[in-house]
Amino acid sequence: MVKLSDILFGVSIKSVIGDIKSVIVKKIEFDSRKVGDADLFIAINGTNFDGHSFIDSAISSGAKSVIVEKIPDKINKDICYVQVGCSSFSMSVLASNYYDNPSSKIKLVGVTGTNGKTTIVTLLHQLFSDLGYPTGLLSTIENKIGTRSLKSTHTTGDALQINKLLSEMVLAGCEYCFMEVSSHAIHQNRISSLIFDGGVFTNITHEHLDYHKDFKEYISVKKRFFTNLNRSAFALTNKDDKNGNIMITNTKAKRITYSLKNMADYKCKVLESRIDGMLLNIQNHEIWVKIIGEFNAYNLLAVYSTSIELGLEKNQILKGISVLNPAQGRFYTVRNIENITGIIDYMHTPDAYKNVLSTINSIRNNTEKLIMVFGCGGDRDSEKRPKMTAIACNMSDQVIITADNPRTENIQEIISHMTEKLDPVQKKKVLIITDRSEAIKTACRLATSGDIILLAGKGHEKYQEIEGVKHYFDDVEELIESLNIN
């Protein structure tokens, strides 16, 4: 229980009806269905629902105080109403205050960009944990408090979830936390009150245009994260991305760059690449790593750069990086006794398709076939579908188009959209098998010794979402079974 007046510290209040000082808050909720006795309900005008429509429901469930952007026409004399300019921003402040500002008690680093976020935060957590530092993780795949793993439902949780987890990390003695920062989270003010010790920008490509109005807004939202960093923080950006410098233009934080192709504060070069790893030169130090692909060279350089900025010693970082394993569902590789290689990757953007396929093509022999199995998600950015299909056809020998979380969209319509711009040469490479399990089995039947099968899009996910229902499905299990790997 806390006083409402205490957790309102720093909130920009427009007006109040009731006595703030006399109200005690048990917990904070923005979902009226979760409200209990003595809770504070925050009415947020969201993407799909306006929380102001559920104020009466929250009060009926026991709420004694309400945060609103507009005062309701009907006032309950027993309730304290606090009017603010922006409920979502206020919730971020309230959540931090309620959990005693945990982000100020841990070294918090946020990673944002279209691709690479999950890999970078996962590798950082793995590295720091291996070096003996108690570390937290907030990611798409999972959340971790030290070694304890918790289920993750979003790339970046809501402000209440984030602060609760950070608070638990602080209580568990964690010194660091590495978190993914999505554009949705920035836009919806989920991270607005957090104190970051550093921010990392990976890259920005075509993604989430079903949510953002256009690419310009997508860039602007990402940039806001760096603009809001404090002077004591660092802003690390990928100089090889054409928008890398834009991200840190107005930041007050220390500006740092990393690059494989240009002059930068931190440099890396890929000296050798094989299916089992890469030889890298990082800051004039040669190191063999168990992770492959130029895109992962960028990710590992970001990990190295971040670790140096956080005060670690370069030799312990390099030694630690050499034994890191890929993030779950990110270029995960298996091979059967017939020498057929299977690769599972979460890739779901045109840029990620180019990166992964280029990597595979650079290390395979001309005699080996590359068979790619993929689909496009329903109810998401549809503009990228034909682009990804064209890239797959141009850079693979055989393409099998299948389902990948159709959600509420008709799978045939999704596939029609994916293939509508293919030319005759590209179409000859395409098989359409809507059942994903059967598509994987078919790919394995078509493969012969030395061939490579790439399953794209699902990665770590263990479900197929169809008509709002999640059905258990695991690409890794399906592939291992189809390749007869014991």
Does atom [atom1] of [X] have more than 12 heavy-atom neighbours from other groups under 6.0 Å away?
X: Lys290; atom1: NZ; result: yes
X: Lys26; atom1: NZ; result: no
X: Phe49; atom1: CZ; result: no
X: Lys354; atom1: NZ; result: no
X: Lys34; atom1: NZ; result: no

With sequence neighbours excluded, tell me which residues meet side chain to side chain contact (heavy atoms under 4.5 Å, CB included) with [X].
X: Asp56; result: Lys74
X: Ser305; result: Leu236, Tyr258, Tyr266, Leu301
X: Glu409; result: Asp379, Arg385, Ile414
X: Ser60; result: none

Side chains of [X] and [Y]: do they bring a donor and an acceptor to under 3.5 Å?
X: Lys252; Y: Asn230; value: no
X: Glu142; Y: Ser149; value: yes
X: Lys222; Y: Thr112; value: yes
X: Asp404; Y: Gln464; value: no
X: Ser92; Y: Ser192; value: no
X: Asn262; Y: Lys267; value: no
X: Asn163; Y: Ser96; value: yes
X: Ser259; Y: Asn238; value: no

Can you check whether [X] reaches [Y] side chain to side chain, under 4.5 Å on heavy atoms?
X: Leu324; Y: Ile321; answer: yes
X: Leu138; Y: Glu180; answer: no
X: Ser32; Y: Phe41; answer: yes
X: Gln328; Y: Tyr332; answer: no
X: Ile219; Y: Met247; answer: yes
X: Leu166; Y: Val170; answer: no

Quiz item: Is a salt bridge present between Lys21 and Asp19, judged by a nitrogen-to-oxygen distance below 4.0 Å?
Solution: no

Quiz item: So does Asp50 pair up with Lys70, basic N to acidic O under 4.0 Å?
Solution: yes

For [Y], does its backbone N or O pair with a side-chain atom of [X] as donor and acceptor, under 3.5 Å?
X: Thr202; Y: Lys117; result: no
X: Ser104; Y: Asn101; result: yes
X: Ser183; Y: Tyr218; result: no
X: Gln161; Y: Asp158; result: yes
X: Arg255; Y: Thr249; result: yes

Self-check item: Counterpart residues, ring-ring contact (aromatic ring centres under 6.0 Å, His included), relative to Tyr304 (two or more places apart)
Solution: none

Self-check item: side-chain contact (heavy atoms from CB on, under 4.5 Å) evaluation trace for His52 with Val68
Solution: CA-CA 7 Å; His52 293 78; Val68 298; 3.9 Å; yes

Could you grab the distance from atom [atom1] of [X] to atom [atom2] of [Y], nearest 0.5 Å is fine?
X: Leu455; Y: Ile440; atom1: CG; atom2: CD1; answer: 5.0 Å
X: Leu229; Y: Arg231; atom1: CG; atom2: CZ; answer: 12.0 Å
X: Thr306; Y: Asp197; atom1: OG1; atom2: CG; answer: 11.5 Å
X: Leu137; Y: Ile145; atom1: CG; atom2: CD1; answer: 10.5 Å
X: Leu300; Y: Ile287; atom1: CG; atom2: CD1; answer: 8.0 Å
X: His460; Y: Asp474; atom1: NE2; atom2: CG; answer: 11.0 Å

Practice problem: Hey, could you give me each pair passing salt bridge (charged side-chain N to carboxylate O under 4.0 Å, His left out) that has a residue in residues 238-248? Not counting sequence neighbours. | Solution: none

Quiz prompt | salt bridge (charged side-chain N to carboxylate O under 4.0 Å, His left out) pairs, two or more places apart, involving residues 308-321 | solution = Lys254-Glu309

Quiz item: Using the benzene-type ring in the case of Trp, are the ring centres of Tyr346 and His348 under 6.0 Å apart?
Solution: yes

Exercise. Determine, stepwise, if the pair Ile7 / Leu40 fulfils side-chain contact (heavy atoms from CB on, under 4.5 Å).
Key: CA-CA 11 Å; Ile7 60 172; Leu40 167 65; 4.1 Å; yes

Quiz item: For Thr257 and Met263, what are the C-alpha separation, side-chain angles and deciding distance, and is it a side-chain contact (heavy atoms from CB on, under 4.5 Å)?
Solution: CA-CA 9 Å; Thr257 57; Met263 291 296 293; over 6 Å; no

Practice problem: Step by step, work out the side-chain contact (heavy atoms from CB on, under 4.5 Å) result for Arg436 and Asp475. | Solution: CA-CA 9 Å; Arg436 193 173 180 94; Asp475 270 8; 2.8 Å; yes

Exercise. Specify whether Phe226 and Phe201 have parallel, tilted or perpendicular ring planes, treating 30° as the upper limit for parallel and 60° as the lower limit for perpendicular.
Key: perpendicular

Quiz item: Angle class for the Tyr353/Phe374 ring planes (parallel below 30°, perpendicular above 60°, tilted otherwise)?
Solution: perpendicular

Would you please name every residue forming a salt bridge (Lys or Arg N to Asp or Glu O under 4.0 Å) with [X], sequence neighbours left out?
X: Lys64; answer: Asp37
X: Arg330; answer: none
X: Arg148; answer: Glu168

Output side-chain donor-acceptor pairs under 3.5 Å for residues 80-91, partner residues at least two apart or in another chain, one line each.
unit_1	atom_1	unit_2	atom_2	d
Tyr81	OH	Asn76	N	2.9
Gln83	OE1	Ser15	OG	2.6
Gln83	NE2	Glu69	O	3.1
Ser87	OG	Ala43	O	2.8
Ser88	OG	Asn189	ND2	2.9
Ser90	OG	Cys86	O	2.9

Quiz prompt | Pair listing, ring pair (Phe, Tyr, Trp, His ring centres under 6.0 Å) test, anchored in residues 92-147, at least two apart | solution = Phe128-Tyr133, Phe128-Tyr176, Phe128-Phe178, Tyr133-Tyr176

